[in-house]
Amino acid sequence: MRKILIFSLILTILKTVAAPAPTAPKQEFYSIRIYNLKNADQETRVDKYLQAALLPALHRLGITDIGVFKPVGNDTATTRRIYVLIPLKNLDQYIGLDAALAKDAHYQTDGKDYIDAAFDNIPYLRMESILLRAFPDMPRHAAPGGLKGSPADRIYELRSYEGPTEKYFENKVQMFNAGGEIPLFDRLNFHAVFYASVLSGSHMPNLMYMTSFDDMPSREEHWKAFFADPVWKKLVADPQYQHNVSHVDIVFLHPAPYSDL
């Protein structure tokens, strides 16, 4: 009996030692498309394409939680914009996306007005494309939960932080991850959608992240609490994290009615 117990104990120890350490979740990639539009007609055409063709096609490919957003005040802007956030599992999915869409007959039919637009009747002025990789401390996006009120009132805040150089940029990324900026946002219920480094874009080196709020007053209260928090005051005063942001862009967005997020 004693030998059996010893043998069982040895097996348990061996299983514990041999068990592989849990692997960290793989970091997602994100594609952000920004459509620049000259008028309401172009906005309507791109809306129709996104709602009837692109989003359903991406869903068929297993890509979900696609965010479609429009800037606050878009209706009166000189140049209207539509932002599309596409979460991707890996770079292969990103590289193969156009080929996969080309093989989708439903997509080709449903998006015909956009896909086959004539040179003198284009659906947008220009389209910007940004490729990003999720931060290690938030490797996967999150659909904001717990937001209250009407979706039309919700504010999605998209921020871009540019670094003076690559080294300063990496320092700011470290500040978010090892420095503890992400846990602070979590504790204060900023409902972050993603944090990511830009791999390809027009304002590099830079990082981008998106947070979400019930409405604009809620957004103001959250940032007021953030700047007053002792953790932030200590972090921003830390000598190792100085001068790592040279420019900030902030865009306030509302979700489109057909957005997944």
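Values reported hereafter were calculated over all heavy atoms of this structure, with side chains retained and with hydrogens, waters and symmetry mates removed.
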Over 12 foreign heavy atoms within 6.0 Å of CD, Glu166: no
Distance-only polar pair, side chains of Arg81 and Asn36, donor-acceptor under 3.5 Å: yes
Side-chain heavy atoms of Ile34 within contact of Ile82, under 4.5 Å: no
Thr109 side chain vs His106 backbone, donor-acceptor pair below 3.5 Å: no
Leu199-Leu207 co-clustered via ILVMFWY side chain contacts under 4.5 Å: no
Rounded distance (nearest 0.5 Å) linking atom NZ of Lys103 with atom CG of Asp98: 12.0 Å
Close side-chain approach of Asp215 and Arg154, heavy atoms under 4.5 Å: no
Closest heavy-atom pair and its distance - Ile63, Leu97: CD1-CD1, 4.0 Å
Pi-cation contact, Trp223 with Arg159 (under 6.0 Å, within 45°): yes
Side chain to side chain contact (heavy atoms under 4.5 Å, CB included) between Leu184 and Leu235, worked out: CA-CA 10 Å; Leu184 176 57; Leu235 188 60; 5.7 Å; no
4.5 Å side-chain heavy-atom contact, Leu37 and Leu125: no
Atom of Gly180, atom of Pro183 and distance for their closest heavy-atom approach: O-CD, 3.2 Å
Derivation of the salt bridge (charged side-chain N to carboxylate O under 4.0 Å, His left out) call for Lys70 and Asp47: CA-CA 10 Å; Lys70 298 182 182 184; Asp47 269 327; 2.5 Å; yes
Smallest separation among heavy atoms of Gln42 and Ile122, with atom names: NE2-O, 3.0 Å
Inter-residue atom distance Asp153.CG - Met216.CE, 0.5 Å rounding: 11.0 Å
Contact check, side chains of Leu188 and Asp229, non-hydrogen atoms, under 4.5 Å: yes
Donor-acceptor pair between Asp65 and His141 side chains, under 3.5 angstrom: yes
Exercise: do Ser212 and Glu157 side chains pair donor with acceptor under 3.5 Å: no
Side-chain (Arg80) to main-chain (Glu43) donor-acceptor, under 3.5 angstrom: no
Parallel, tilted or perpendicular: ring planes of Tyr161 versus Tyr209, cut at 30 and 60 degrees: perpendicular
Derivation and outcome, side chain to side chain donor-acceptor pair (under 3.5 Å), residues Tyr49 and Tyr107: CA-CA 9 Å; Tyr49 161 71; Tyr107 167 77; 2.7 Å; yes
Gap between atom OG1 of Thr64 and atom CG of Leu58 - 0.5 Å precision: 10.0 Å
Atom pair CG (Asn189) and CG (Asp214), whose distance is rounded to the nearest 0.5 Å: 10.5 Å
Single hit among Arg140, Glu28, Met210 for side-chain contact (heavy atoms from CB on, under 4.5 Å) with Phe194: Met210
Common cluster, Phe190/Met208, ILVMFWY with side-chain heavy-atom separation under 4.5 Å: no
Nearest heavy atoms of Ala196 and Tyr30, plus distance in Å: CB-CD1, 3.9 Å
Same apolar cluster: Val245 and Met204, side chain cutoff 4.5 Å: no
Aromatic ring proximity, centroids under 6.0 angstrom, Phe213 and His222: yes
Contact list for residues 54-102, test ring pair (Phe, Tyr, Trp, His ring centres under 6.0 Å), sequence neighbours left out: Phe69-Tyr156
Exam field: side chain Ser246 to backbone Glu162, donor-acceptor pair closer than 3.5 Å: yes
Main-chain N/O of Pro217 paired to Glu221 side chain as donor or acceptor, under 3.5 Å: no
Joint hydrophobic cluster, Val193 plus Phe135, side-chain heavy atoms closer than 4.5 Å: no
Residue pair Ile250 / Val248, side-chain heavy-atom distance below 4.5 Å: yes
4.5 Å side-chain heavy-atom contact, Ile182 and Asn177: yes
Trace of the side chain to side chain contact (heavy atoms under 4.5 Å, CB included) decision for Ile66 with Leu85: CA-CA 6 Å; Ile66 302 153; Leu85 170 66; over 6 Å; no
Pairs touching residues 238-261 that satisfy ring pair (Phe, Tyr, Trp, His ring centres under 6.0 Å), sequence neighbours left out: none
Side chain to side chain contact (heavy atoms under 4.5 Å, CB included) between Leu54 and Arg33, intermediate numbers included: CA-CA 12 Å; Leu54 183 62; Arg33 300 180 181 183; 3.7 Å; yes
Whether Asp110 side chain and Ala53 backbone form a donor-acceptor pair below 3.5 Å: no
Heavy-atom closest pair, residues Pro255 and Ser259: CB-CB, 4.4 Å
Pair Glu128-Ile130, side chain to side chain contact (heavy atoms under 4.5 Å, CB included): steps then yes or no: CA-CA 7 Å; Glu128 180 181 354; Ile130 306 170; 3.7 Å; yes
Full working for salt bridge (charged side-chain N to carboxylate O under 4.0 Å, His left out) between Asp113 and Arg45: CA-CA 8 Å; Asp113 174 71; Arg45 292 175 69 188; 3.1 Å; yes
Main-chain N/O of Leu101 paired with Gln108 side-chain donor or acceptor, under 3.5 Å: yes
Atom pair OG (Ser218) and NZ (Lys148), whose distance is rounded to the nearest 0.5 Å: 9.0 Å
Single-linkage hydrophobic cluster, 4.5 Å side-chain cutoff, Tyr124 and Val251 together: no
From Thr79 atom OG1 to Asn74 atom CG, the distance as rounded to the nearest 0.5 Å: 10.0 Å
Shortest non-hydrogen contact from Pro139 toward Ala134: O-CB, 3.4 Å
Side-chain touch Asn244/Met175, heavy atoms, less than 4.5 angstrom: yes
Any side-chain heavy-atom pair of Phe176 and Lys172 under 4.5 Å: yes
